[in-house]
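Report on one structure; see the data block that follows.
The first residue in the sequence is number 1, and the count goes up from there. Atoms within each ligand, like the ligands themselves, are counted from 1 in listed order. As a basis for the values below, the full set of heavy atoms in this structure was taken, side chains included, without hydrogen atoms, waters or symmetry mates.
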Amino acid sequence: MSQPNASFETLLLHLKENRGFDFTGYKRASLTRRVDHRMAEVRAADYAEYLEYLEVHTEEFTALFNTILINVTSFFRDPEAWEYLRAEILPSMLATKAPDGVIRVWSAGCASGEEAYTLAMILAEALGVEEFRQRVKIYATDVDEEGLTIARHATYDERQVRAVPAELLERYFDQVGGRFFFRKDLRRSVIFGRNDLVQDAPISKIDLLVCRNALMYFNAETQSRILSRLHFALAPAGVLYLGKAEMLLSHTELFQPIDLKRRVFRKVPQHSAVLAEAPSPQARPQMGGLDLLRHAALLASPLAQVVVTADGLIALCNRQAETLFGVSNRDVGRPFSDVALSYRPVELRRYIEQAHLERRTMRVADIAYLRGAETLHLEVQVSPLTDADAGLLGVILSFHDVTGSRRLREELQQTNRQLEAAYEELQSTNEELETTNEELQSTIEELETTNEELQSTNEELETMNEELQSTNDQLHVINDELHDRTDDLNQAKQFLETILTGLRSGVAVLDPEMRVLVWNRRAEDLWGLRKDEIIGQHFLNLDIGLPTQELRPLIRRTLTGDGGQHEIVLPAVNRRGRPILIRVVGSALNGTDGSASGAILLMEQDGQDNYHPDGASPDLSERQDDQAHLGTFDCR
Ligand SMILES: C[S@@+](CC[C@H](N)C(=O)[O-])C[C@H]1O[C@@H](n2cnc3c(N)ncnc32)[C@H](O)[C@@H]1O
């Protein structure tokens, strides 16, 4: 997958300028992973190609937007934190409100609304439903319009309400057709709206601001910007409730933890950098006069120190003050307001006046002081010095060099920031994984469905297979029967052949149309035509030595089935061209119903071996030749 680069930033700028959505403040690691995911879906090779795709396919922005904005959420997400809010935070917060004072709550980054309705349930439990309706306003915002639409419908399925305790589910949801509708009368107190944490003005005077698992997607700079808006949004004693990955360690000037582990913070009111402190008893010297004043100054720690009398003259300054600010013993007795230290690096005169007036120590924190090439960070303490009767003697100015501790603090803050970033990264990766997991889950469900379909197809195939198997078995049985019958037929054929072999006559079997069905070898010998030339021919059309036309009446009679045998003796010419007398006996070939289904003609040479119309004796060699053919006839 591609790494963040110039073309990625161009893509973000394009989205900002053309779609009005600014992703530039989002952490790059997670953001690129999400965009890469989308690119893989549409098979874009790099960011430039994807940008072109976005320009052509306007609907792609919604898909990208939905992929980037991770909207994992649930009712009572992190139950422990909600329990803490219910038991520890809400009671004291409600106690500070007037009995009929409005309670303003903001769920920022509310996704599909589960968080806002969780808040509604907790507050309705704390106040009672009636008071909740009159006093509570829950503003629930997100940048994702699709999420807001779901939130406004306030309808969830069984899986989504699984984390709602049974008694709350019963009390705050109406169940219709397997879905759970958040109670309509309470829903009116939850107001949904689009608000971009990065670009839009915050809602104000908020008592409880819940912004969970949203900040972690932004880089440090954008988080800072958002946090100062959230700070602005809160009422003076307002409470900020973050997600478990969002520590806020590096924004202690805006928020101070109520419970760091549970990420609950209180707004730190913004005021001047001067921190007041009660006058310490040590600051009141027991002795009087200038000596006492000097003595008191000496008692102070070895910091750069300057003592100024009640009437504004420099009374004392030590060596450190001379080293740091160039104020020396020569200046003792001069009005303090005449030396540069009175206004540089910070305007001290008004703090001195204030210390006089209020008789308490004033501190001016975090003053940058440029000394040569080095910048020192100082904290100045202006302490009033009084006598035993609390009469004002003057003030002592002590300059604490906090450069080292500041650097340490900054390093600590930096480490904290890195820790926060790493933790947030971990959490957002975790949420991405949850999303990916959900995607995988649905792929698995699809696969399971496909698998079920395959299984049922498989079962159908198995059934068909079984049917085929049994058909096959039946076919085997039929086949076996056929074999048996074929064997029987073969035997019958063999038997018939044996019978026909025993006959000395030529045999011709005719069908009712007088076509030749059987022509045995003896007939071949007699007439000189082979069986394959004869079969299927009309008997009366045969061109042989037998005058077949003269047999017509005999065959007719045989076929009409009078049941008797008919006989005729005809002069003929055998295959060798010798004249013979041939006796033809015709008998009916009867079908099973007794009707004639053909005619059997037996042809036998009559009387003498050869017929000689002129009375000559027969030829012996021919007779032997004819004998040789006996018993070798064929039949069909
Ligand atoms: C992980 S969800 C957290 C939902 C809920 N707060 C919770 O903790 O269960 C993050 C939400 O922040 C929203 N979000 C992301 N960027 C935002 C922005 N710039 N302004 C407002 N909401 C934003 C997303 O749309 C998403 O609904």
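- Within a 6.0 Å radius of CD in E221, no more than 12 heavy atoms belonging to other residues, nucleotides or ligands are found.
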Kindly list each side-chain donor-acceptor pair under 3.5 angstrom involving residues 166-177, sequence neighbours excluded, with atom names and distances?
from, atom 1, to, atom 2, distance (Å)
R171, NH1, E125, OE1, 2.9
R171, NH1, E125, OE2, 2.7
Y172, OH, E125, OE2, 2.5

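- Considering both main-chain and side-chain atoms, Y217 never comes within under 3.5 Å of ligand 1 through any nitrogen or oxygen pair.
- Atoms of ligand 1 found under 4.0 Å from any heavy atom of I70 (numbered from 1 in listed order, with element): 1 (C), 2 (S), 10 (C), 11 (C), 26 (C).
- Under the 30°/60° scheme for interplanar angles, the aromatic rings of F65 and F21 are found to stand perpendicular.
- With no hydrogens or angles considered, no side-chain donor-acceptor pair links Y343 and R349 at under 3.5 Å.
- Nearest-residue assignment for atom 27 (O) of ligand 1 (options D142, N71, D78; heavy-atom criterion): D142.
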Throw together a table of side-chain donor-acceptor distances under 3.5 angstrom for residues 453-462, partners on residues two or more places apart or in other chains.
from, atom 1, to, atom 2, distance (Å)
S456, OG, E453, O, 3.2
T457, OG1, E453, O, 2.7

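- Contact annotation: for F218 versus ligand 1, heavy atoms closer than 4.0 Å belong to the side chain alone.
- With ligand atoms numbered from 1 in the order given, ligand 1 contributes 4 (C), 5 (C), 7 (C), 9 (O) to contacts under 4.0 Å with heavy atoms of T73.
- Across Y84, F265, W82, a single residue satisfies ring-ring contact (aromatic ring centres under 6.0 Å, His included) together with Y241, and that is W82.
- In this comparison of I226, L242, L197, the heavy atom closest to atom 20 (N) of ligand 1 sits on L197.
- Between D144 and ligand 1, a contact under 3.5 Å exists for no N or O pair.
- By the criterion of a heavy-atom distance under 4.0 Å, both the backbone and the side chain of R212 are placed next to ligand 1.
- Comparing D22, V210, V143 against atom 22 (N) of ligand 1, the shortest heavy-atom distance belongs to V143.
- When non-hydrogen atoms are compared, ligand 1 lies under 4.0 Å from neither the backbone nor the side chain of T141.
- For the residues Y26, F75, F65, the heavy atom positioned nearest atom 18 (C) of ligand 1 is part of Y26.
- For the residues A151, A111, A214, the heavy atom positioned nearest atom 12 (O) of ligand 1 is part of A214.
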